[in-house]
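For reference, the structure is listed below as structure tokens.
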Amino acid sequence: MGVAKPSIPKGARDFDPDKMVKRKFILNTIESVFIKYGFQPLETPAMENLSVLTGKYGDEGDQLLYKVLNSGDFLKKVSDTEWKEGAKALLPKISEKGLRYDLTVPFARYVVMNHGQMTFPFKRYQIQPVWRADRPQKGRYREFYQCDADVVGANSLICEAENVLMMNEVFHQLGIHDFVIKINNRKILTGVAKYIGEAGNEGPLCVAIDKLDKIGREKVEEELLNSGFDKSAIEKLSFLFDAGNKENLELVEAMENVLEGVDEAEEGLKEIREIFEYIDAYGLTNHHLQFDITLARGLSYYTGAIFEVRALNSQITSSISGGGRYDNLTGVFGLEGVSGVGFSFGVDRIYDVMEDLSLFPDESLNSTDLLIVNFDKTLEKKIVGIAGQIRASGISTEVYPEPVKLKKQMNYANKKGIPYVILAGTEELESGKLTFKDMRLGEQKSMTLTEILTFFKKEV
RNA sequence: GUGGUUGUAGUUCAGUUGGUUAGAACGCCUGAUUGUGGUUCAGGAGGUCGUGGGUUCGAGUCCCAUCUUCCACCCCA
């Protein structure tokens, strides 16, 4: 009997060191920008009670929730009749907990549980994995990370403007310069629904026009027809499809003319204007922002501004960041009147874009600066001492832990991309002149430890 | 959840209508070089052909199941 081959669950991944170094580069960049704008870290448990999770993501979402089986004899509360009633009736008896599906609902739960002690506006960021029992595809996994930042308890459009600022800062730092931040406002879309005589039907309207760039105008109109929209209503939508490539403010103006007198739309357009004004006032000139009246985003809880970021000139066309304002985050948990604005970065997709455009900087990849070669057991105590002194000045240093063949040690340095090597055998240690080799140039010099340390000081 | 697709050495892939001992490249190990990596040369190791059944004298090749990969829906990051 052979040992079973090890495997990992479908849609889950190992991140090997090569990948982790790159992921960390992205994650650290995002985190530092969050912190720079005053957001504080928050983590919530991987498991939530199912009562918190179910019913928050629609019927489809409930299907995609991972449920955790009760520990012990999970069948002990189940009677024969319940067993026969099928999975749906059985579920609450055998499972009380589930894995988190996103970071927004657990955050809402947190706010409701703690709002008495919190000071508002409350700004938190959260970078944690979430789980969905979806069928995996390229760029879609069953376990993946979300990076959310939200402000709750503030209605000012400064929050929206700062979202745009943070998106710009993150992508600039990552070296992604060709991207577009599309902005729209749910109030405008609500107004549009009203305008075409389908007041209250903005839900299906959003779902349909959100697919515009993917399936085209005809299919969208077809879907609307199937959703029960009137033919005349769909015809009235043509102003939206024909909006064309106008300048941002020009488009705002054009829409103001079309939608004049529809209160919600007027308000939404005013907000768009104001966000542009704030961004202007912040002094951000190249903001990559583009008002797009057809941007909708499928998610139902948005009520104000909505954002979506896409990289340009990349094979990866799906969105790499997005967000928006929601008026009633905590309503489902019985706490009314807490509004918020949030957005998130799609780490996996940002990773794919950067890989696609070869944007990962080489320096971000090797972590060790220096390797000290191990010649002989009897010299180990000395080279270890040297390593300690070098590390004390902040240089990341390795001692090769065994006195194996030099070739193998040099090869180790080479494979790991370690740029400098110290060779210190009996002679070097006696004279204090260490052999210091630059692996990239292939040159080596005799240098004292102090000389080496000053060399690194100049390098960094 | 629906329909399709993929799986052969560490990796990327060949493998003829089913027919001897399943190949290549790269990587890995050893040596040329016992104190010098990245280039070169010589040699070597490594495979229950995803897994489990079945058909057959004979299966990497055909059939069924299952897992996995990827793709299109649905939905989404």
Side-chain angles (χ1 to χ4, degrees), chain A residues 1-13 16 18 26 30 57-65 87 100-104 127-148 206-208 210-211 214-215 219 223 296-300 307-310 316-323 342-353 371-376 379 400 403-429 434-446:
Chain A
M1 282 277 281
V3 181
K5 275 186 191 166
S7 62
I8 52 174
K10 187 201 264 260
R13 295 163 291 169
D16 56 38
D18 269 7
I26 297 172
I30 293 170
Y57 309 104
D59 285 346
E60 301 237 13
D62 284 354
Q63 297 267 308
L64 300 180
L65 278 177
R100 80 166 97 73
Y101 179 90
D102 70 358
L103 300 178
T104 308
I127 301 175
Q128 287 189 277
V130 302
W131 294 269
R132 293 182 190 179
D134 207 351
R135 186 172 293 203
Q137 282 182 35
K138 187 162 193 89
R140 282 175 71 170
Y141 306 95
R142 287 182 164 177
E143 179 187 68
F144 61 96
Y145 277 73
Q146 289 191 331
C147 306
D148 282 22
C206 287
V207 171
D210 190 46
K211 299 174 186 164
K214 207 174 170 186
I215 62 176
K219 295 263 180 190
E223 182 168 331
R297 303 216 85 199
L299 291 172
S300 56
F307 301 99
E308 190 161 282
V309 185
R310 279 166 204 276
I316 315 298
T317 53
S318 44
S319 75
I320 51 176
S321 177
F343 72 111
S344 77
F345 290 102
V347 205
D348 290 307
R349 287 171 181 180
I350 292 172
Y351 184 101
D352 290 342
V353 167
L371 175 77
I372 304 182
V373 163
N374 187 339
F375 279 108
D376 196 276
L379 303 174
Y400 201 91
V404 296
K405 282 196 184 109
L406 188 50
K407 184 186 170 96
K408 191 173 163 79
Q409 301 191 41
M410 297 303 283
N411 198 35
Y412 175 83
N414 192 51
K415 284 279 152 61
K416 219 171 157 180
I418 301 173
Y420 300 101
V421 171
I422 285 180
L423 297 100
T426 324
E427 239 173 72
E428 283 97 338
L429 288 170
L434 311 177
T435 302
F436 182 68
K437 175 155 183 169
D438 181 323
M439 294 294 279
R440 283 175 294 206
L441 300 175
E443 291 165 1
Q444 60 188 46
K445 276 189 229 172
S446 259

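When reading the values below, keep in mind they use all heavy atoms of this one structure, side chains included, and skip hydrogens, waters and symmetry mates.
For the pair A:R132 and A:F144, the cation-pi criterion (under 6.0 Å, within 45° of the ring axis) is not fulfilled.
The C1' atoms of B:rA77 and B:rG44 are separated by 48 Å, rounded to the nearest whole Å. Taking atom P on both nucleotides, B:rA24 is separated from B:rA9 by 14 Å, rounded to a whole Å. When the P atom is compared between B:rC41 and B:rC26, the two are found 10 Å apart, to the nearest whole Å.
Put simply, the side chain of A:N414 and the base of B:rG38 share no donor and acceptor less than 3.5 Å apart. For B:rG37, the base has a donor-acceptor partner in the side chain of A:K437 [N/O atoms by modelled type, under 3.5 angstrom]. Judged by distance alone with a 3.5 Å cut-off, a donor-acceptor contact links the side chain of A:E428 to the base of B:rG35. No N or O donor and acceptor, one from the side chain of A:R135 and one from the base of B:rU69, sit under 3.5 Å apart.
Aromatic ring orientation, A:Y101 versus A:Y57: tilted (interplanar angle from 30° to 60°).
Of the residues listed (A:Q444, A:E427, A:E428), the one engaging A:T435 in a side-chain hydrogen bond (donor to acceptor under 3.5 Å, both in side chains) is A:E428, and it is the only one.
Within the structure, a side-chain polar atom (N or O) of A:K415 is placed less than 4.0 Å from OP1 or OP2 of B:rC28. Contact check, A:K10 against B:rU68: a side-chain N or O comes under 4.0 Å of OP1 or OP2.
A stacked arrangement is assigned to A:F144 and the six-membered base ring of B:rA77, with a centre-to-centre distance below 5.5 Å and an interplanar angle below 30°.
Applying the Watson-Crick and G-U wobble criteria (two distances, each under 3.5 Å), B:rG47 pairs with nothing in any strand.
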